[in-house]
There are 2 protein chains.
Amino acid sequence: MKPEHIDVTAPSGGHLPGNCQAVSSILARIGDKWSVLIIMALGDGSRRFNEIKRMVGGISQRMLTLTLRGLERDGLVTRTVFPTIPPRVDYELTDLGRSLRKPVETLGAWAFEHLPEIQSAREQFDRNATGV
Amino acid sequence: MKPEHIDVTAPSGGHLPGNCQAVSSILARIGDKWSVLIIMALGDGSRRFNEIKRMVGGISQRMLTLTLRGLERDGLVTRTVFPTIPPRVDYELTDLGRSLRKPVETLGAWAFEHLPEIQSAREQFDRNATGV
DNA sequence: CCGAATCCACCACGATACTG
DNA sequence: CAGTATCGTGGTGGATTCGG
């Protein structure tokens, strides 16, 4: 590793070798297909499984289960089972999960703000490409 | 509370149906394996192809090419070819690309800050899982 | 109602070899 | 040096079925 590694954290901060990788693994969770949607769906309180499913829309049962498991594993949501019949399971953001909402919203706001620029950039790029 | 669609943008903003999807497509780019690393590598000025390759480290030639293409398509980086021999290609962040650095760093800082919490949460979760 | 399990299609990605 | 082309593979995610 001769060239300096890259620091995803603030420019002023120091850098340790393993961090980049670890931070990447977290960014991978943020960037995956459903995590952010689910986190936003849980924004204002606890929700039941199928409730989340309806809110997110288009997610399969399997992926909802898997993604929720992942979020639970990372300590971002809690899973509460009510042993009733029919069963009922509530999901809720932890403090850690709630603390993630702000940076995610920041990024979401950026995406939303620059949506037109990006879309027109894509169109223009694709126009040039189709000409080939 | 009747679940509707989810708004990834700031809570105050209005919501249009297609935006969630469009914003997701942008988040997908942010969250993919290499984009963020490359953006940070281009942080302070223009870089050549192999220069980026060395900085990122572990990326294949193929993925670097593809990711750079994607970033270029989205209007985040510019690609400048010098028709010399041997050829030389410089990549540089656009204004749009540079404007993305701040929110990304915010998220990176969050990830870095909560790294220990998340890692210990993962360990604890995995301990319970292995015990089954 | 919640979720686990199975099957399967797709494509993301790496490795390698070749070109201008 | 900066790509492109091709192949192989593991993982991701949808559809479906079963179970408690």
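Chain letters run A, B, ... following the sequence lines, proteins first and then strands; every chain starts at 1.
- More than 12 heavy atoms of other residues, nucleotides or ligands shown are found within 6.0 angstrom of CD on A:Glu92.
- Out of D:dG13, C:dC1, C:dG14, the shortest distance to the side chain of A:Asn50 is found at C:dC1.
- Residue A:Phe82 is out of contact with every strand shown, counting any heavy-atom pair closer than 4.0 Å.
- Taking only side-chain atoms of A:Arg69, from C-beta outward, the nucleotide of C:dG3, C:dG14, D:dT4 with the closest atom is C:dG3.
- How far OG1 of B:Thr78 is from CG of B:Asp95: 10.0 Å, rounded to the nearest 0.5 Å.
- Nearest heavy atoms, A:Tyr91 versus A:Arg79: OH-NE, 3.3 Å.
- Within the 4.0 angstrom heavy-atom criterion, base atoms lie near B:Arg62.
- In this entry the distance linking CD1 of B:Ile38 with C1' of D:dA2 reads 14 Å, nearest Å.
- Both A:Pro87 and B:Pro86 lie near DNA chain D, and the one whose nearest nucleotide falls closer to the 5' end is B:Pro86.
- Between the CD1 atom of B:Ile59 and the C1' atom of C:dC13 there is a distance of 10 Å, given to the nearest Å.
- Minimum atom distance to the side chain of B:Arg48 is reached by D:dA2, of the listed C:dA4, D:dG3, D:dA2.
- Nearest heavy-atom pair, A:Arg98 versus A:Leu93, reported as atom, atom and distance to 0.1 Å: NH1-O, 3.0 Å.
- Nucleotide C:dC1 holds its C1' atom 17 Å from the CZ atom of A:Arg47, rounded to whole Å.
- Each of B:Lys33 and A:Tyr91 was assigned the nucleotide of DNA chain C with the nearest heavy atom; the assignment lying further toward the 5' end belongs to A:Tyr91.
- Listed nucleotides D:dG13, C:dC2, C:dG14 differ in distance to A:Gln61; the shortest reach to its side chain belongs to C:dC2.
- Checked against D:dG3, D:dG13, D:dC1, the side chain of B:Phe49 finds its nearest nucleotide in D:dG3.
- Between A:Asp90 atom CG and C:dC1 atom C1' there is a gap of 12 Å when expressed in whole angstrom units.
- Rounded to whole angstrom, the span from the CD atom of A:Glu51 across to the C1' atom of C:dC1 amounts to 13 Å.
- Of the candidates D:dG14, D:dG3, C:dC2, the closest approach to any side-chain atom of A:Met63 belongs to D:dG14.
- A:Leu64 places its CG atom 13 Å from the C1' atom of D:dG13, with the value rounded to the nearest Å.
- Taking atom CG on A:Asp32 and atom C1' on D:dT12, their separation rounds to 10 Å, with Å as the unit.
- Judged by distance alone, the side chain of A:Ser120 and the main-chain N or O of A:Glu117 form a donor-acceptor pair under 3.5 Å.
- Look at CG on A:Leu66: it is 16 Å from P on C:dC2, rounded to the nearest Å.
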